[in-house]
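Notes follow once the structure below has been shown.
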Amino acid sequence: MPHDRHGSGNEDHRGPAAPDHGPPRVRRSRRKPRKKAPRFVAWGAVGAVVAGGGGVAYAWHHLDGNIQGTDVDAALGHDRPARQRDGSMNILLLGSDSRAGTHGQYGRGVSGARADTAMVLHVDKTHEKASVVSIPRDTMVERPQCAQPHGGAAPGARQAMFNSSYQVGGPACTVKTVEKMSGVRMDHYLEVDFKGFQKLIDELGGVDITTREAIHDPNSGLSLTAGKHTLKGKQALALVRTRHGVGDGSDLGRIQLQQAFIKALIHRAETVDPLSDPTKSYSLADTATKTISADSDLASADKLLGLAEELRGIGPGHLDMVTMPVTYDARDAGRVKPMEQASKRVWSALRQDRAIPRSATEGSVGDRTDSPVSA
């Protein structure tokens, strides 16, 4: 998909972990309040948390019980990359069916807990710009040994599909896998459940997208003609889960759809005035907080609202979205593997709080075609 970036391709290397002084607090913005609803660039529900939260902050403490928290710091200990102390922030965004209990309702062959979507959101030190790096679920990676949620440990694997990290060790294992492969410390993680995502889009009244070509995927149930569409919840969910109806039928095409939909969702959230209908705003916030899981340092409505307020200035025009550079795995055509040097340049840019250089993704099979969908 098209990119507009500038920056250095200089690389650095992961050094020894620095002493851990506890998780960074979510900083409150010093900017003057704006009349528009705050904006946030996270996956699905977070955008609606922002859109719905501003007008009902007085009631948010009642919503804390909706949010599931995971103590990632306790699970991972101190053997992690050093924190970035320059004011920038890294958040792992996951889209999953782990809380939905769908067991195959959305798409064929879906069962059990899995994180079908993974994106690293890097917010620069000014909190005015951000980069998103999507990690294909089919990427073959070295998965570290991970503690399991109910005790014991899942052994590491030299060659494992990235998606398996969530299945064997939950979100903490996915965080650990991302940190190992990138050398970038995740300050937070946010997970959005697909079932709640569908309800959320319905409550927002749908999201507008434009398809450049017809999309038909019998696996997800999506069927769209070329042109403009307002997607309600069921269609929106099918869109972000579609893979067989676009591109080469791999996860790479689905990532393009997801990235385009996020930008469309941000546009939709900008139109929501939380003060005009407090009852609807509270309903949005209630649905959104039931849809989200987070690390324990972020698992409260007040902290999510603080994060949203801090990132309110980031709109679609200040959001650079790329796919981690990958190539097809010669041993399995249905899998991809990281392009080692190119991936290092992407992760190095995040560690140095710089824009991802355009040249870092050239030659990647995830960067060959324009998205079939636009906001």
Side-chain angles (χ1 to χ4, degrees), residues 5 7-24 26-27 41-43 70 72-73 75-94 115 117-127 129-137 139 141-144 146 162 165-166 169 171-191 255 294-295 297-298 307 311 314 319-326 337-357 360-361 364 366:
R5 20 182 128 89
S8 168
N10 294 340
E11 297 173 13
D12 63 359
H13 300 279
R14 173 180 174 180
D20 191 348
H21 301 292
V26 176
R27 296 172 290 277
V41 296
W43 172 260
T70 297
V72 172
D73 289 328
L76 301 188
H78 301 290
D79 184 19
R80 304 176 66 185
R83 294 187 186 279
Q84 293 180 226
R85 302 293 183 180
D86 56 4
S88 61
M89 183 187 305
N90 300 295
I91 304 173
L92 179 62
L93 309 175
L94 302 176
T117 301
M119 301 177 176
V120 174
L121 167 67
H122 174 80
V123 182
D124 83 342
K125 62 185 177 183
T126 69
H127 288 202
K129 296 183 293 184
S131 298
V132 170
V133 182
S134 293
I135 303 173
R137 54 161 288 179
T139 306
V141 301
E142 181 179 352
R143 190 187 68 226
C146 293
F162 174 78
S165 62
Y166 192 97
C173 188
T174 301
V175 170
K176 187 174 184 178
T177 301
V178 171
E179 291 185 345
K180 181 175 181 60
M181 68 189 293
S182 68
V184 178
R185 173 77 170 240
M186 297 296 110
D187 298 303
H188 299 291
Y189 102 90
L190 285 168
E191 179 181 335
I255 285 173
D295 61 279
D297 189 53
L298 201 57
L307 178 63
L311 305 183
I314 301 176
L319 178 62
D320 185 23
M321 307 187 80
V322 305
T323 300
M324 184 181 73
V326 292
K337 60 181 182 180
M339 298 171 64
E340 185 175 350
Q341 293 304 315
S343 293
K344 283 183 178 179
R345 294 179 64 194
V346 169
W347 301 127
S348 176
L350 268 56
R351 289 195 296 273
Q352 296 180 42
D353 193 32
R354 295 181 177 180
I356 298 170
T361 58
S364 169

Atom of [X], atom of [Y] and distance for their closest heavy-atom approach:
| X | Y | answer |
| --- | --- | --- |
| Lys176 | Cys146 | CD-SG, 4.2 Å |
| Glu179 | Leu76 | OE1-CD1, 4.1 Å |
| Ala349 | Ala355 | CB-O, 3.8 Å |

| Quick one: which of Ile314, Asp187, Asp353 gives a side-chain contact (heavy atoms from CB on, under 4.5 Å) with Val123? |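 Filter result, single survivor: Ile314.
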| task | Indicate whether any N or O donor in one side chain lies under 3.5 Å from an N or O acceptor in the other, for Thr323 and Ser134. | result |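 No donor-acceptor contact under 3.5 Å links the two side chains.
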| Looking only at side chains, do Asn90 and Gln84 share a donor and an acceptor under 3.5 Å apart? |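 Side chains of Asn90 and Gln84: pair found under 3.5 Å.
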Interatomic spacing from [atom1] in [X] to [atom2] in [Y] - rounded to 0.5 Å:
| X | Y | atom1 | atom2 | answer |
| --- | --- | --- | --- | --- |
| Met321 | Leu121 | CE | CG | 8.5 Å |
| His188 | Leu93 | NE2 | CG | 11.5 Å |
| Met324 | Ile255 | CE | CD1 | 8.5 Å |
| Ser182 | Leu350 | OG | CG | 8.0 Å |
| Arg354 | Ser88 | CZ | OG | 12.5 Å |
| Met186 | Thr174 | CE | OG1 | 12.0 Å |

| side chain to side chain contact (heavy atoms under 4.5 Å, CB included) assessment of Tyr166 paired with Glu191 | CA-CA 11 Å; Tyr166 192 97; Glu191 179 181 335; 2.5 Å; yes
| task | Side-chain contact test, heavy atoms from C-beta onward, threshold under 4.5 Å: evaluate it for Ile91 versus Leu307 and give yes or no. | result |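 Contact flag for Ile91/Leu307 side chains = yes.
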| field | side chain to side chain contact (heavy atoms under 4.5 Å, CB included) evaluation trace for Leu94 with Leu190 | value | CA-CA 6 Å; Leu94 302 176; Leu190 285 168; over 6 Å; no
| said: I'd like to know if Asp320 and Lys129 make a salt bridge, using a cut-off of under 4.0 Å between side-chain N and carboxylate O. | reply: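 Judged by the 4.0 Å cut-off on N to carboxylate O distance, Asp320 and Lys129 do not form a salt bridge.
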| request: Mind checking side-chain contact (heavy atoms from CB on, under 4.5 Å) for Pro325 and listing every partner two or more places apart, or none if nothing turns up? | output: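 Only Met339, Ala342, Ser343, Val346, Thr361, Ser364 meet the side-chain contact (heavy atoms from CB on, under 4.5 Å) criterion with Pro325.
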| Main-chain N/O of Tyr189 paired with Asp295 side-chain donor or acceptor, under 3.5 Å |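 Checking the backbone N and O of Tyr189 against the side chain of Asp295, a donor-acceptor pair under 3.5 Å is found.
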